[in-house]
Amino acid sequence: MNRIDKQRQLFYMSLLLFTVLIILSVGIGVTVGQVAVPLTESFQILTKNLSGGLIGDLSNLSSGAYENIIWQIRFPRVLLAMLTGMGLSLAGAVMQTTVQNPLADPYILGISSGASLGATFAIMIGFGGTSLLAQLGLSFWAFLGAVTAAFLVLLLSNVGGQVNSIKLVLSGMVLNALFTAFSNFIIYIANDAEGIRSVTFWMMGSLAGASWSTLPLTATVVLICFLFFLTQERILNIMLLGDEAAISLGVNLSFYRKLYLVIASILTGIIVANTGMIGFVGLIIPHMIRGIVGSNHRYFLPLSVFSGSLFMVWSDILSRIILPTVELPIGILTSLIGAPLFIYIFVKKGYEFGG
Amino acid sequence: MNLTVENVSVSIASQQIIQDISLHVSQNQFVGLIGPNGCGKSTLLKSVSKILEPDRGIIMLDDDNVQELSNKQLAKKMGVVGQFNQVNFDFSVRQMLLLGRSPHKGLMERDNAVDHEIVEKVIRQMDLGKLADRSFLSLSGGEKQRVILGRTLVQQPKFLVLDEPTNHLDIKHQLSILKTVSALPIGVLAALHDLNLASRFTDYLYAMKDGRIIKEGTPEEVLTEAVIKELYEVDCRTYTNPILGKQTIEFL
């Protein structure tokens with residue numbers, strides 16, 4: 001009993017530590033960028049706006065443009081980074097459990113190629129451009145593509161009996177190939193240089209589109225999904241034991257598998273619609289946390305979500321400062337940081353995959 | 001609890017695996033299933049534990065039709081140890097055992113002191129003390145098998161279904177598991193490979209071949225030279241073991 005209490009204590013302390021780190025990182029995240037805003041002034045602006053104008057006084061700012069930069073551009077962006085990290089890690093963790101495969105990631109069920117097809121379609125067939133309506137159209141099509149792909153995968157893996165993990169992975173791969181072919185076909189026949197650039201940019205991921213208008217929806221979806229999966233800890237644990245063992249413990253997995261995949265797909269779809277494709281986060285963060293705390297979802301799920309969030313905030317910060325004049329697409333950076341980090345853990349901890 | 005299987009037939013992928021099987025297990029009885037590989041023992045056990053659905057026939061656990069019980073209701077009554085327990089992800093042994101409490105838990109209900117106490121009791125009963133804090137994936141096949149049986153006991157079932165429970169086990173643990181199981185005050189249906197162990201521990205035996213029951217009775221009635229020849233196509237001699245007083249088989 002004592003041992004378990006100790007474990008629990010350690011868990012809550014880590015959560016607290018992560019929370020503090022995330023808050024600090026958000027603070028740092030809003031100050032860095034092309035225009036350097038002093039840290040104290042950034043915090044003044046944040047406290048003023050967060051408290052609804054009650055606390056703080058902005059009359060002593062060195063430049064009036066700062067408030068705009070911090071509050072309208074950077075803060076929504078850092079928040080989007082947080083939510084993206086949370087959402088992708090959560091979706092990744094759940095997908096790995098649902099298909100009982102440690103190699104699964106949020107994009108495994110053809111979600112990425114579905115979203116790409118939607119986005120390519122929108123850009124190449126005429127929803128492209130820079131107007132707000134066009135941007136919204138792009139997100140909408142990407143979301144539609146992602147969710148359609150996930151439903152098709154579920155449908156396909158349901159043919160000829162119960163959904164199982166191998167059928168899911170195979171269906172995902174097949175539809176992935178099909179959607180990629182469609183996307184490439186559209187790009188090839190459209191022959192539109194500007195469009196190709198937009199598609200490429202979208203596929204590398206970006207948080208630059210963050211704005212107060214889209215954040216509430218994203219935040220709501222991510223948080224509801226997080227809370228939902230927290231309540232499912234027991235079934236998620238049982239899911240790792242396989243179908244037969246699960247039945248003998250009173251749980252029929254095929255229903256829950258579908259339910260979880262649909263929810264995780266919608267979650268991924270919402271994020272992809274906002275940010276484009278940001279790879280690797282959903283794969284490595286759950287892996288790393290699993291390697292450290294084991295597979296008990298009670299600890300594993302919250303820690304993945306918190307560390308994913310921290311990881312994305314820092315990836316975003318680096319993507320803005322690593323090159324002196326331009327911003328690096330964040331999808332490149334997550335893989336650039338993620339891969340070595342993963343190798344380090346892999347070598348250092350003698351980590352067995354899935355272990 | 002009493003288990004009654006009546007005229008059950010099961011097919012997998014339109015191939016008939018077992019045909020017209022009837023058997024009965026009473027409260028407190030240890031009933032064994034013997035037969036060659038592929039004779040349908042596992043299929044029968046899977047249909048009893050609601051993993052497979054029979055084409056025909058009925059399976060009753062006391063007054064409940066197993067097919068009509070929800071998975072959770074069934075899991076509160078029946079514990080199952082399957083033959084394959086492949087896991088890709090890791091748990092500590094204690095965590096694995098705790099999962100056995102799941103059928104008794106509501107959706108949001110956490111494991112409480114009573115659950116931990118039950119787990120500790122099973123750890124002592126099953127001699128798992130040395131393994132309790134290790135990771136499940138690091139265990140040997142036999143150790144895993146013991147943990148899975150332990151998890152099933154944590155479930156506190158009123159009926160137990162075992163598919164080759166002594167697979168991978170060394171002599172000490174073969175004996176201790178069968179002793180533990182046969183001392184449980186519940187009905188047990190187990191597929192067994194080792195005929196001498198079956199003779200020693202079971203109260204009643206069913207012999208299966210090609211999806212049918214060809215002989216049933218006490219171990220002395222079933223484990224005869226003729227039946228064993230028919231089942232396994234090997235010659236043997238049987239005699240009453242002077243030490244244990246049990247029917248014993250010597251293969252030729």
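Residue numbers begin at 1 in each chain, while the letters A, B, ... track the order of the sequences.
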*Asks:* Name the option with the most non-hydrogen atom pairs under 4.5 Å to chain A; the candidates are B:Asp111, B:Ile148, B:Leu69, B:Val161.
*Replies:*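 Of B:Asp111, B:Ile148, B:Leu69, B:Val161, B:Asp111 has the most heavy-atom pairs under 4.5 Å with chain A.
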
*Asks:* Need one label for B:Leu99: side chain, backbone, both or neither, based on atoms under 4.5 Å from any heavy atom in chain A.
*Replies:*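 Backbone plus side chain of B:Leu99, per the 4.5 Å heavy-atom cut-off to chain A.
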
*Asks:* I want to check something: taking the side chain as every heavy atom from C-beta on, are B:Leu149 and B:Val147 in contact at a cut-off of under 4.5 Å?
*Replies:*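 Result no, sub-4.5 Å side-chain heavy-atom pair not found.
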
*Asks:* So which residue, A:Glu233, A:Gln96, A:Arg298, ends up with the most heavy-atom pairs under 4.5 Å with chain B?
*Replies:*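 Most heavy-atom pairs within the cutoff with chain B belong to A:Arg298.
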
*Asks:* In the structure I gave you, are the side-chain heavy atoms of A:Ser14 and A:Tyr299 within less than 4.5 Å of one another anywhere?
*Replies:*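 Not in contact.
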
*Asks:* Which bit of B:Arg151 comes within less than 4.5 Å of chain A, counting heavy atoms only: side chain, backbone, both or neither?
*Replies:*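 B:Arg151 touches chain A through side-chain heavy atoms alone.
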
*Asks:* Just by distance, with hydrogens left out, do B:Ser47 and B:Glu53 show a side-chain donor and acceptor under 3.5 Å apart?
*Replies:*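 There is no such pair (donor and acceptor under 3.5 Å, judged by atom type) between the side chains of B:Ser47 and B:Glu53.
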
*Asks:* State whether B:Asp163 and B:Lys46 are salt-bridged, where the test is any N-O pair (Lys NZ or Arg NE/NH1/NH2 against Asp/Glu carboxylate O) under 4.0 Å.
*Replies:*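 Judged by the 4.0 Å cut-off on N to carboxylate O distance, B:Asp163 and B:Lys46 do not form a salt bridge.
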
*Asks:* Is B:Met78 in contact with chain A via its backbone, its side chain, both, or neither, using a 4.5 Å heavy-atom distance?
*Replies:*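 Looking at B:Met78, just its backbone touches chain A.
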
*Asks:* I'd like to verify something: which residue of B:Gly79, B:Ala75, B:Ser70 has the highest number of heavy-atom pairs under 4.5 Å with chain A?
*Replies:*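 Most heavy-atom pairs within the cutoff with chain A belong to B:Ala75.
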
*Asks:* Please tell me whether B:Phe30 and B:Tyr204 form a close aromatic pair, meaning their ring centres lie under 6.0 Å apart.
*Replies:*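 For B:Phe30 and B:Tyr204, the ring centres are not under 6.0 Å apart.
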
*Asks:* Counting only heavy atoms closer than 4.5 Å, note whether A:Leu230 contacts chain B via side chain, backbone, both or neither.
*Replies:*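 Interface part for A:Leu230: neither.
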
*Asks:* Out of the candidates B:Glu120, B:Arg101, B:Glu109, only one should pair with B:Asp115 under the side-chain contact (heavy atoms from CB on, under 4.5 Å) rule; please name it.
*Replies:*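 Testing B:Asp115 for a side-chain contact (heavy atoms from CB on, under 4.5 Å) against B:Glu120, B:Arg101, B:Glu109 leaves exactly one candidate, B:Arg101.
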
*Asks:* Side chain, backbone, both or neither: which part of A:Asp243 has a heavy atom under 4.5 Å from chain B?
*Replies:*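 Nothing of A:Asp243, per the 4.5 Å heavy-atom cut-off to chain B.
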
*Asks:* Ring-plane angle category for A:Tyr256 and A:Tyr260, please: parallel below 30°, perpendicular beyond 60°, tilted otherwise.
*Replies:*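 If you compare the ring of A:Tyr256 with that of A:Tyr260, the planes turn out tilted.
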
*Asks:* Let me know if B:Lys76 has heavy atoms under 4.5 Å from chain A in its side chain, its backbone, both or neither.
*Replies:*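 Nothing of B:Lys76, per the 4.5 Å heavy-atom cut-off to chain A.
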
*Asks:* Heavy-atom cut-off 4.5 Å, strictly under: side chain, backbone, both or neither for B:Ser49 against chain A?
*Replies:*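 Backbone only.
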
